[in-house]
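Below: one structure, written as C-alpha cells.
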Amino acid sequence: MRTTTRAVSVALLAPLLLAACSDAGGGEEEAAAGGGAAESGACEPAGEPVTLTYTSWIPGIEDVVAIWNEANPDIQVEVQTGPNGNGGTYANFFNQLEAGNPPDLGQIEFDALPNFRVQDGLENLAVCEDVAAAGDQFIDWTWSQVGLGEEGAAYAIPQDTGPMAMFYRADLFEQAGIEIPTTWEEYAAAAEQVREAGGYITNFSTGDINQFAGFVWQADGSWFNNNGEAWEVSLTSDASMQVADYWQDLIDRDLVSSLPGWTTEWDNAYNTGQAWTWISAVWGANSIASGAPDTAGQWRVAPAPQWEGVDGGGNWGGSTTAVFKGTENLYEASQFALWLNTSEEALNALIEAANLYPATKEGIELPALSEGVEFYGGQEIYEVFREAGAKVSPDFVWGPTMTQVYNDVSDGFSAAVSGQGTLGEALEAGQESTIAALEAQSIPVAE
Amino acid sequence: MSTPAAHLPGTGDARVATAPGETTPPSARAAARTRDRRAGTPASGPRESILSRTGAMLVMGVFTLYFLTPIWWLLVASTKSRGDLTGTNALWFADVQLGQNLAAVFDYQGGVLVKWLGNSIAYAGGGALLATLLAGMCGYAIAKYRFPGRELLFNVVLGGVLVPATALALPLFLIFSEINATNTFWSVFLPSIVSPFGVYLTRIFAAASVPDELLEAARLDGSGEVRTFFTVSVRLMFPALVTVFLFQFVAIWNNFFLPLIMLRDSELFPVTLGLYNWNSVVNQVPELRLYVLVGALVSIVPLILLFLLLQRFWRTGLGTGAIK
C-alpha cells in the first residue's frame, strides 16, 4: 500500500511539476531579488466576518478548532481532513494550488515546506507583525526551518516537533548486566553483548529515511543548503557518511536486525524482547505502547548516544501550519495559526487529542508534559526529550524534493541490507539522483 | 485494504473453470460459466477425464485459498485485542472479543464509520443504478437502432473502456474546480454514473437477446419506443443489467483515488477513504490500528451480501437469456 501511494503521488505530481517548472524558476529569482513579499497581500484585517478553511490530518483536530470558533465568531475556521501528508494530502494541496482553490491554511511537515516554497505555494507570514514578533517563542531550529533560509521570512508557523532519544528495555539491560550506552561507540559495544544474549540492540529500518536524517542531524550534518541562489546537496557530507559507515558496520556484523518498519514482525520484535532499544522521536513513545503492549513498564528513555566531540540532538518529524498563496484573509489566517500553535489552551488540547509535542519553548514546559508515563514505569520521559530538543541544531536544511530523496535512498538502503552495496554507496547514488531531480525541475543546483 | 472484496470466490473460480477454446460473445461465455459452476453435481455436463477434473479442482483450490486467506486473516484479526494482534498466531483466534471491538469502532469519533458506510452505499448504490440505466439505454440504442455514426459512437465508447479511471481523476478534479464543485457529494457521484464497459456489454447482449421481431410486434401494437424499452427490452436484458450493476457497484465501492482527490470533508468520505485516513495516523492514535482492521471487515460485508443476493438473478437470468 505504501509503495502504491508513493507511485500514485509521484505519477500525480509529475505533470504538475512540469507545469510548475517555469513558475518555480521565476519564483526563485523573484525571491532572490527580494520581490517575493511584494506580490503577496498585505496583512490587514478584513473588517468583516470571515470563514477560513484549514486542512489537517491530526486526529481530533475538530475539537481543538471548536475552542477557537467559540471564542472568535468573526473568524470561523472550517476543518477539512485527509490522509497524512505523503499519504495523499500533499498531492491534494498541489492539485488545489494548480486549480486555484487551495484551503486558507494547511498542515505541512517541516521536510515538505521547501517543496511548497519552490512551487511558490506559500504566503510569507512574516509580513504580519504579530507573526514576526512571535519568532522568539518558538524553539530555535523550528523558526529557522520555517524561514527557509530567507532573511525575515516565515512561511509557516511551527506546530510540533520530534526530538529523538533512546527507548530501551531497562529490565533486559539489567538482567544482562550491560551498561546503558551514552556514546555511539558504547552503543556498538553494547550491541555485541546484546547479540550474545540472544537479542538485537535495535532494528535498522530501511524505509525510515527521515529517522536516518535525524541521526545525521544529530551528528551535526545536513543534507541540503540554500545559499540564496542555488541549492547545495550534501547527502555525502562527512557527518552523513560517518553515520552510514557506523550502521553499515553493525549490519555487516549482524548486530542489528533489519525488519521493515511499522509492520507486524517489527511490532513483534519489540513485543517479544527481540529488539532492545529504539532511537526514535518523542511520538515513538506511543508507537511502542501500541505495538508492544506486553512490555508495559519495562521500557525507559535515555538520551540518545552521542558522537565524540558533538553534543547534538536529532529530530524526526514535526509539522507546521502554513498559509497558502491566494488566501484573501492573510491576517485572520495568521492569527488562527498563531493561536493554534502557541496558546496554552490549544496546545493542551493538541496534546490531549493527538499527543503532539509542541514547538514553542513554553509549550514543552506544560504540566501535561511533566507527568510520569505509566507505560514507562512512571518515568517523566518528556524531561529527556526536552533536553534532547534543546540540542537540536538550527542548521539542518531540508531539500525541495524530499519525497524523491526518501524513495531513492530507501531503495539503496534496502539493497544494502540484503547485501548489495553499502549504505554509503546508497547515499552516493542518492546524491546523484537528487541533483538530477532538481535539475529536471529547473531548480538551480550549486556545483 | 480496498480490494480484497473484489476477489470474492464467485468471480475468481469461475474464470478458471471456463473451458478453453470458447470465444463466443460474453453472454454465451457467461452462460458456459454458469453451467460449469453447476457441474459440481456429477450427473450434468459433458464427461471429463479424471485427470483434467482433478487438475481443475487443484487449480481452483489453490486460487480459493489464495483469495480466502486474507479474508480469513482479517476475520481473525478483528476478533483480537490490540495486544493479541501482534503477540498471537495471525491465522487463529486468541481471546475472541469481536463484539467489544465492533462496539468500539462504531463508537469512535461519534460513530463516523456508520456515516462512511452510508456514504459508500449512496455512492455505489445510487451510482451503479444510474450507470446501469444509462449504459443499458445506450447499449440498447446502439444495438437496435440504425443511425449515422453508430459504429463511430460505439468505438468511441469502447475506447473509454481502455482509459483507467485513475487517469481521469486529476482532469476531473480540475474540471470540478472550475465550477467550484469539488468536495461535494456530486464530485464523486457524477463521474461514477458513467460505465463504458456497461455500454459494451449491454450492446452485445441486447443484440443477442432482444429479437427485432419482438420490437416490431410491440410497435405494431402501438407501444412507444420508451415504453417498449422499459416493459419488454429491459426484461430481456435483465441478466446483463444485473451484471453491469454489480460490476459498477464494486468499481465505485473500491474507487479510492477519486474520493481521495475530490473530498476534504470527512462527512462525505466513503468508507475506503475514511479507513485509509485512520490508517495513516495509527502512530498518533494507537487504537486505530485495530479499528482499521475491524472497519475493513465491516466494509466488505455489504459487498458479500450483494454478491450473494444478486448471484441468483445472475445465474438463472444469464441462462435463460442466452438460450435462444
Side-chain angles (χ1 to χ4, degrees), chain A residues 1-2 4-5 8-9 11-12 15-16 53-55 57-60 62-63 78-89 91-92 95-96 98-101 103 160 262-272 281 283-284 286-294 296 317 353-356, chain B residues 1-3 73 77 81-88 90 108-110 112 164 166-167 169-183 256-257 259-269 273-293:
Chain A
M1 160 147 287
R2 225 169 139 180
T4 329
T5 331
V8 164
S9 50
L12 217 156
L16 291 185
T53 46
Y54 168 46
T55 302
W57 58 87
I58 301 169
E62 301 84 3
D63 303 333
E78 227 172 71
V79 174
Q80 303 183 330
T81 186
N84 66 12
N86 286 320
T89 294
N92 281 340
N95 292 344
Q96 290 171 310
E98 179 74 12
N101 59 359
D160 70 311
W262 314 104
T263 58
T264 325
E265 301 107 284
W266 184 76
D267 278 341
N268 205 34
Y270 282 92
N271 200 27
T272 55
W283 44 260
N286 283 317
S287 310
I288 298 183
S290 129
D294 294 349
N355 296 301
L356 289 195
Chain B
M1 177 175 69
S2 60
T3 50
W73 176 83
S81 68
R82 210 145 42 83
D84 289 343
L85 202 56
T86 47
T88 60
Y108 186 69
Q109 284 183 350
V112 73
T166 318
L170 194 51
L172 280 170
F173 174 79
L174 295 176
I175 293 171
F176 276 85
S177 292
E178 288 289 312
I179 54 169
N180 281 327
T182 59
N183 195 24
F256 160 76
F257 197 52
L260 172 71
I261 287 193
M262 288 287 187
L263 302 178
R264 309 279 172 269
D265 183 351
S266 75
E267 293 279 299
L268 293 173
F269 286 177
L273 181 58
L275 291 177
Y276 177 73
N277 275 5
W278 279 2
N279 196 39
S280 78
V281 291
V282 285
N283 286 339
Q284 278 163 307
V285 187
E287 58 264 32
L288 279 178
R289 190 186 295 264
L290 183 65
Y291 292 178
V292 169
L293 292 174

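Predicted model, so just to flag it, every value in this text is computed and none were measured. Within every chain, numbering begins at 1; the chains are lettered A, B, ... in the order of the sequence lines, protein sequences first and strands thereafter.
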Could you pull out the closest heavy-atom pair between [X] and [Y], with the gap in Å?
X: A:G87; Y: B:Y276; value: O-OH, 2.6 Å
X: B:N277; Y: A:G82; value: OD1-C, 3.1 Å
X: B:L174; Y: A:N95; value: CD2-O, 4.4 Å
X: A:G60; Y: B:Q109; value: N-NE2, 4.5 Å

Below 4.5 Å from any heavy atom of chain B, which atoms of [X] appear? Answer side chain, backbone, both or neither.
X: A:N286; value: both
X: A:A292; value: neither
X: A:P293; value: side chain
X: A:T272; value: neither
X: A:E78; value: neither

With a 4.5 angstrom heavy-atom cut-off, could you sort out which part of B:N180 is near chain A: side chain, backbone, both or neither?
->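 For B:N180, neither part sits under 4.5 Å from chain A.
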Just how far is it from atom CZ of B:R264 to atom OG1 of A:T53, taken to the nearest 0.5 Å?
->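 Answer rounded to 0.5 Å: 10.5 Å.
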Gap between atom CG of B:L260 and atom OG1 of A:T89 - 0.5 Å precision =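 So the OG1 of A:T89 and the CG of B:L260 are separated by 7.5 Å.
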Is atom CD of B:E287 surrounded by more than 12 heavy atoms (other residues, nucleotides or ligands) closer than 6.0 Å?
->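 Atom CD in B:E287 is packed in, count exceeds 12.
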Report the residues that fulfil side-chain contact (heavy atoms from CB on, under 4.5 Å) with B:T182, sequence neighbours left out, ordered by chain and then residue number.
->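 B:T182 satisfies side-chain contact (heavy atoms from CB on, under 4.5 Å) with A:N101, B:F173, B:F176, B:S177, B:M262 only.
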Partners passing ring pair (Phe, Tyr, Trp, His ring centres under 6.0 Å) against A:W283 (at least two apart in sequence or in another chain) |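 Per chain and number, A:W283 pairs via ring pair (Phe, Tyr, Trp, His ring centres under 6.0 Å) with A:W316.
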